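The model shown is predicted, which means the values in this text are computed figures rather than measured ones.
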Amino acid sequence: MINEATRDFIRRHQDADVRQLALQTGKESGVDISFALEQIAGRQKARTKIPSWAAVDDILYPSRLSMEQCSSEATARYKAEICGRGRLFVDLTAGFGVDAAFISEQFSKAVCVEQQERLSAISSANFQRLGLTHVQTVCGDGVAFLHSMEHADLLFIDPARRDAHGSRTYGIADCTPNVLEIIGEMLVKADRVLLKLSPMLDWRKAVDDLRSDVTSVHIVSVDNECKELLIELGGEDLETNVDGPRVVCVNLHPDGSQERMEFNALHPSSSAPHPPLSTAHSSLSDFHFLYEPNASIMKAGCFDSVAREYDCCQLEKNSHLFVSEAEIPDFPGRRFIIGQVTSMNRHELKEALAGVSRANIAVRNFPMTVAELRKRLKLKDGGDVYIFATMVENHGYRLFVCRKIS
């Protein structure tokens with residue numbers, strides 16, 4: 001697929017600016033320039049998105065769009081973690097094959113179905129380079145393959161989230177294929193099904209659409225950016241999961257660590273509600289720490305469960321910020337030390353912001369935008385001061401002047 005001249009060109013220009021290289025490069029003997037530029041751009045993207053692949057010589061990369069749409073190594077490894085081991089794994093929409101590569105490592109045999117001929121050929125070549133000789137690639141339609149396949153331990157599907165005009169879609173029924181039309185057959189053909197959906201989708205509606213077959217929901221973020229919604233169906237947990245599916249909020253960090261919180265979808269509040277701020281404390285001066293939940297928890301909307309699990313108080317039900325007297329080191333999100341709490345009173349603001357010339361500002365449930373508040377406070381952006389402007393139950397609008405805990 002690649003000759004020595006093209007391989008050498010890619011090697012010599014692997015760190016070059018691809019756009020500049022495209023303008024500067026003329027005809028070079030034996031070099032497929034368009035292919036070489038695609039490979040250089042793909043490998044540069046892979047250094048951050050799929051670093052273990054970028055370290056392997058001669059891995060082939062697809063078009064820019066396919067590189068943007070493929071899973072990252074971090075999310076693929078997480079899927080492999082929750083999928084466990086088995087005899088046969090089948091990916092009905094394999095694409096570039098990142099998810100399939102990592103999940104398949106724990107299965108005796110894997111089959112990856114992809115209808116685009118070039119993507120299928122690229123993934124097949126890469127599986128060989130990665131030593132995944134137990135993975136079979138099939139170029140064809142995933143739904144057609146489903147109809148005739150043997151029984152599998154695990155079926156994975158990531159339906160395309162673009163319509164015929166290239167516009168993004170988010171609902172399950174609007175994706176291709178429509179999983180709602182084939183989920184029954186998938187559960188007959190496999191012990192378990194893992195479905196990957198857009199993080200924009202409401203997970204509660206997805207659970208309702210898929211009915212009682214859902215065993216768990218995973219809301220996956222990477223470095224505090226929500227990336228994927230994963231839904232597990234079938235399996236042994238279905239019979240014992242009488243309280244409904246388990247919801248897992250996970251934030252994956254670059255160093256491999258995780259922030260993780262779980263709750264039950266039907267009964268997130270298994271005990272008495274956590275006392276609201278208004279009854280737990282009479283003064284905001286009792287609180288010394290402020291917390292902002294990570295992106296997965298914000299997406300899940302499990303704020304009562306957070307307050308109960310970590311013994312902290314919500315400032316107000318629509319503010320989605322929490323406070324505590326003592327520090328909570330394992331809180332799943334960003335943690336801050338509160339320096340000052342002030343109203344919008346001019347004299348209070350002057351005292352609270354004395355010596356502060358720049359700050360990172362966030363507004364939650366507050367009547368001004370960040371730009372408007374920054375102009376009002378006459379502060380530049382940046383620095384090590386963080387200001388959260390929000391509504392506080394029984395206290396009105398308040399500004400929390402904080403410093404971040406590393």
For [X], give me all partners under salt bridge (Lys or Arg N to Asp or Glu O under 4.0 Å), at least two apart in sequence or on another chain.
X	value
Asp381	Arg374
Glu225	Lys227
Lys317	none
Asp57	Arg43

Salt bridge check: are [X] and [Y] linked by an N-O gap of less than 4.0 Å?
X	Y	result
Glu81	Arg77	no
Arg64	Glu68	yes
Lys205	Asp208	no

Sequence neighbours excluded - salt bridge (charged side-chain N to carboxylate O under 4.0 Å, His left out) pairs with any residue from residues 133-142: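 Listed by first then second residue: nothing to list.
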Residue pairs passing the salt bridge (charged side-chain N to carboxylate O under 4.0 Å, His left out) test where at least one lies in residues 344-368, sequence neighbours excluded: Glu292-Arg364
Using distance alone, with no hydrogens and no angle criterion, decide if Thr6 and Asp32 have a side-chain donor and acceptor under 3.5 Å apart. no
Do Glu114 and Gln116 have side chains that approach each other closer than 4.5 Å (heavy atoms only, starting at C-beta)?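 Yes, close enough: below the 4.5 Å cut-off.
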Filter on ring-ring contact (aromatic ring centres under 6.0 Å, His included), then keep only pairs touching [range], sequence neighbours left out; what's left?
range	result
residues 103-141	Phe89-Phe107
residues 200-219	Tyr78-His218
residues 339-367	Phe366-Tyr397

Atom of [X], atom of [Y] and distance for their closest heavy-atom approach:
X	Y	answer
Ile387	Ala359	CD1-CB, 3.9 Å
Val250	Gln258	CG2-OE1, 3.8 Å
Asp58	Arg129	O-NE, 2.6 Å

Taking only residues two or more places apart in sequence or in another chain, which ones pass ring-ring contact (aromatic ring centres under 6.0 Å, His included) with [X]?
X	result
Phe400	none
Tyr61	none
Phe156	none

List the steps and the verdict of side-chain hydrogen bond (donor to acceptor under 3.5 Å, both in side chains) for His151 and Asp191. CA-CA 8 Å; His151 192 85; Asp191 295 335; 2.9 Å; yes
Just do the side-chain hydrogen bond (donor to acceptor under 3.5 Å, both in side chains) check on Asn345 and Ser343 with the steps written out, would you? CA-CA 5 Å; Asn345 177 276; Ser343 70; 5.3 Å; no
Test applied, ring-ring contact (aromatic ring centres under 6.0 Å, His included); reference residue, Tyr291; option that passes from Phe388, Phe322, Phe331: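 The single option meeting the ring-ring contact (aromatic ring centres under 6.0 Å, His included) with Tyr291 is Phe331.
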Please check if atom CZ in Arg85 has more than 12 non-hydrogen atoms from other residues, nucleotides or ligands closer than 6.0 Å. no
Tell me whether Lys196 contacts the main-chain N or O of Glu228 through its side chain, where contact means a donor paired with an acceptor under 3.5 Å. no
